[in-house]
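Only one structure is covered here, and it is reproduced in the block below.
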Amino acid sequence: MPETGKWQVRWQSAQRSGRAATHAAVRAAQSGVDAARQAWEATPRQTRQTWRLTAVSAATGLAVALAAVAAAGPWDSGQRTAERAQAGSMDGASGEHHAADPGRAPSAPPVLPALGDVAPGSAGRGAAPVPTDAGLADALSPLLKDPALGPLRTASVLDVAAGREVFGEGQGKAATPASTVKLATAVAALSALGPDHRIDTTVVMGGKNRIVLVGGGDPTLTARAPRHGAEEQPANLRTLADATARALKKRHTTKVGLGYDTGAYTGPALHPIGPNENIAPVTALMTDEGRLDDSDHGTAPRSTDPARDAARTFAGLLHERGITVDGGPAEAEAPKKPDRIATVRSLPLSALVERMLTYSDNDIAEALARQTALALRQPPGFAGAGKAVRTALARQHLPLSGAVFEDGSGLDRDDKVTAALLSHLLLEASSPDRPALRPVVTGLPVAAFTGTLSNRYRGESAGAGAVRAKTGTLTGVNTLAGTVVDADGRLLVFSFMTTGTSDPQGAQNALDKLASAVANCGCR
């Protein structure tokens with residue numbers, strides 16, 4: 001991808017300097033080798049043997065250390081599995097447009113310093129030079145005139161250490177955010193529930209020789225065999241069946257009726273866009289996001305009744321474990337004072353947020369919006385969830401002028417946010433004073449490496465490995481919001497929005513150039 005002329009000049013200059021330095025280093029190294037050989041030949045034999053043993057020990061220790069570093073990976077300790085795992089494509093999910101799965105992501109250098117830390121060689125927090133408003137305007141304003149962008153184009157760039165805007169254009173105009181609205185969903189959920197919150201799926205007694213499978217709204221509940229080697233496993237219906245069968249056999253019961261309860265959520269289950277391969281009906285009980293194939297992210301054919309299908313699968317699992325289900329599963333309401341006999345718990349909310357952002361997962365987004373509604377005592381449907389998200393963000397004193405939250409995923413075109421809100425959401429998540437919001441940053445896709453950015457910023461782009469951003473794409477709508485460390489080591493957050501585009505690829509490239517310009521910019 002072509003970059004700015006300034007970057008190309010810097011790169012060519014760096015190449016020339018590197019070649020000169022390499023030649024000088026080779027000459028110096030050769031002189032050193034000759035001197036070392038002469039010293040070695042003059043050394044007594046016994047001393048040589050001692051030196052050999054010391055060298056072997058040092059080499060062994062270094063190899064062990066390097067292996068440990070390789071196993072840990074280049075990422076900072078706050079980053080989780082989503083940052084280290086296989087980079088996946090969305091293949092159209094959430095309105096995103098990506099190529100086939102590119103395979104495992106290559107190694108990358110650290111792309112985000114520990115938040116609140118200083119740049120190497122600096123003398124205090126935020127000591128890296130601050131880009132000036134005029135410098136950033138010189139770099140970004142011409143790129144915002146790219147004809148590939150739609151008639152509405154807005155931007156906001158904030159300096160994290162100073163907590164102030166260093167560039168803005170139309171930043172207060174509300175526009176359709178597409179999937180970048182997931183940033184709002186994430187901050188709202190983490191603020192209302194905390195990063196350690198987990199969602200329960202339970203089995204309770206529903207009467208004599210009758211049990212009820214109760215969905216709590218875990219969108220990552222799976223019925224598949226556990227994945228080998230995965231550091232974190234989602235809640236599994238097989239595990240729940242194991243525990244249920246054991247509990248029933250202890251009660252000397254091997255034949256039961258089965259009901260299933262989805263009452264944790266209210267309102268219509270079908271998203272306003274209608275049946276769609278980007279999202280399953282939103283229900284408190286589902287397995288594998290209602291997918292009818294073996295995929296775990298991206299578009300897929302979906303069940304029209306995920307709760308019923310999950311209950312049928314559970315009945316089959318019980319049968320395999322020696323428990324007969326009398327008749328087919330039926331909708332039911334769990335007792336108000338239930339006798340729980342088995343429970344599985346989701347991964348912590350921090351992990352759900354990261355997965356949602358990395359893969360732009362719509363099912364997780366809608367679930368987290370409803371979990372926020374439950375926490376804030378709002379009706380857990382589309383309307384109540386939108387109100388809860390707004391309330392949670394208002395409590396953080398975020399700029400909500402013009403904001404409309406019709407859903408949690410961004411599939412609804414009636415969603416509206418400003419570039420200023422998106423950048424301030426990232427500012428909050430990047431603050432050292434808000435560790436509970438850290439998963440918003442660690443879950444962002446890394447340019448050219450993970451998630452929905454795995455196929456962008458390839459080649460010589462200044463943004464590759466440096467830009468972390470949430471994408472947003474609907475027909476005629478393109479957005480990008482994330483974090484970047486600029487050429488001087490200053491941590492910045494940005495958001496770029498455009499509406500009315502007619503060339504999706506061109507608009508996407510234009511947004512990528514804007515983010516790369518921030519990464520490449522000292523801009524003083």
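Note that the structure is a prediction, hence the values are computed from the model and not measured.
- Residue pairs meeting the salt bridge (charged side-chain N to carboxylate O under 4.0 Å, His left out) criterion with at least one member in residues 191-200, sequence neighbours excluded: Asp200-Arg340, Asp200-Arg345.
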Under the side chain to side chain contact (heavy atoms under 4.5 Å, CB included) criterion, do Thr479 and Thr473 qualify, and how do the steps go?
CA-CA 7 Å; Thr479 59; Thr473 310; over 6 Å; no
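- Contact check for Ser495 versus Thr180: no side-chain heavy atoms found under the 4.5 Å cut-off.
- Rounded to the nearest 0.5 angstrom, Glu289 CD and Thr220 OG1 are separated by 8.0 Å.
- Residue Val214 comes nearest to Ala334 through the heavy atom pair CG2-CB, 3.8 Å, listed as atom of the first residue, atom of the second, then distance.
- Shown here for Ala373 and Pro380, the closest heavy-atom pair between the two residues is CB-CA, 4.0 Å.
- The only option from Asn278, Asp293, Asn276, Asp363 that meets the side chain to side chain donor-acceptor pair (under 3.5 Å) definition with Arg302 turns out to be Asp363.
- The backbone N or O of Glu406 lies less than 3.5 Å from no partner atom in the side chain of Asp414, so there is not a single donor-acceptor pair.
- Applying the side-chain hydrogen bond (donor to acceptor under 3.5 Å, both in side chains) test to every pair with at least one member in residues 380-392, sequence neighbours left out, gives no pairs at all.
- Every residue two or more places apart in sequence or in another chain that forms a side chain to side chain contact (heavy atoms under 4.5 Å, CB included) with Ala223 is listed here: Leu237, Thr287, Asp288, Thr313.
- With sequence neighbours left out, the salt bridge (charged side-chain N to carboxylate O under 4.0 Å, His left out) criterion links Arg312 to no other residue.
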Name each donor-acceptor pair under 3.5 Å that joins a side chain in residues 203-210 to protein atoms two or more places apart or in another chain, with its distance.
none

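- Applying the salt bridge (charged side-chain N to carboxylate O under 4.0 Å, His left out) criterion to Asp305, with sequence neighbours excluded, gives Arg308.
- Side-chain atoms of Gln233 come within 3.5 Å of backbone N or O of Arg227 as a donor-acceptor pair.
- Remark: Asp242 CG to Glu320 CD distance equals 10.0 Å, nearest 0.5 Å.
- Ion pairing between Lys182 and Asp407 fails under the 4.0 Å rule for side-chain N and carboxylate O.
- For His424 (side chain) and Ala420 (main-chain N/O), a donor-acceptor pair under 3.5 Å exists by modelled atom type.
- The main-chain N or O of Pro504 is never found under 3.5 Å from a side-chain atom of Thr501 such that the two would form a donor-acceptor pair.
- Using a 4.5 Å cut-off on side-chain heavy atoms (C-beta onward), Phe496 and Asp512 make no contact.
- The main-chain N or O of Gly408 is found under 3.5 Å from a side-chain atom of Thr185 such that the two form a donor-acceptor pair.
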Set out, in order, the CA-CA distance, both residues' side-chain angles and the distance that settles side chain to side chain contact (heavy atoms under 4.5 Å, CB included) for Phe314 and Thr244, then state yes or no.
CA-CA 10 Å; Phe314 188 62; Thr244 300; 3.7 Å; yes
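- Leu357 and Pro439 make their closest contact through CD1-O, 4.2 Å (heavy atoms, listed as atom of the first residue, atom of the second, distance).
- Within the model, atoms OG of Ser409 and CD1 of Ile364 stand 12.0 Å from one another, a figure rounded to the nearest 0.5 Å.
- Contact check for Ser360 versus Thr452: side-chain heavy atoms found under the 4.5 Å cut-off.
- Tyr457 is listed as a side-chain neighbour of Ser516, based on a closest heavy-atom distance under 4.5 Å.
- Taking 4.5 Å as the limit, some side-chain heavy atom of Asp296 sits within range of a side-chain heavy atom of Arg224.
- Minimum interatomic distance between Ala269 and Phe382 (heavy atoms only, all atoms of both residues): O-CE1, 4.3 Å.
- Of all heavy-atom pairs between Leu317 and Ala241, the closest is CB-CB, 3.7 Å.
- Between the side chain of Gln371 and the backbone N or O of Leu349 there is no donor-acceptor pair closer than 3.5 Å.
- Contact annotation: the side chain of Thr372 approaches that of Leu376 to within less than 4.5 Å [non-hydrogen atoms, C-beta and beyond].
- Side-chain contact between Leu183 and Val440 is present, with at least one heavy-atom pair separated by less than 4.5 Å.
- No donor-acceptor contact under 3.5 angstrom links the side chains of Arg438 and Thr442, judged on distance only.
- If you take CG on Leu492 and CG on Leu426, they are separated by 12.0 Å, rounding to the nearest 0.5 Å.
- In this structure, Thr358 contributes its side chain and Arg355 its backbone to no donor-acceptor pair below 3.5 Å.
- For the residue pair Thr222/Asn236, the side-chain donor-acceptor check at 3.5 Å is not satisfied.
- Residues Ser346 and Leu352 meet the side-chain proximity criterion, which asks for heavy atoms closer than 4.5 Å.
- One finds the CG atom of Leu240 at 7.5 Å from the CG atom of Leu221 (value rounded to the nearest 0.5 Å).
- In this structure a side-chain-to-backbone donor-acceptor pair under 3.5 Å is present from Ser454 to Gly451.
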Could you walk me through whether Leu444 and Thr483 pass side chain to side chain contact (heavy atoms under 4.5 Å, CB included), step by step?
CA-CA 9 Å; Leu444 292 174; Thr483 71; 4.1 Å; yes
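- Judged by distance alone, the side chain of Thr176 and the main-chain N or O of Ala178 form no donor-acceptor pair under 3.5 Å.
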Show your working on side chain to side chain contact (heavy atoms under 4.5 Å, CB included) between Arg395 and Ser191 and close with a plain yes or no.
CA-CA 9 Å; Arg395 291 178 178 179; Ser191 299; over 6 Å; no
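- A donor-acceptor pair under 3.5 Å links the side-chain atoms of Arg370 to the main chain of Glu366, judged by distance alone.
- Rounded to the nearest 0.5 Å, atoms CG (Leu480) and OG (Ser179) are 12.0 Å apart.
- Closest of all the heavy-atom pairs between Val417 and Met497 is O-CE, 3.8 Å.
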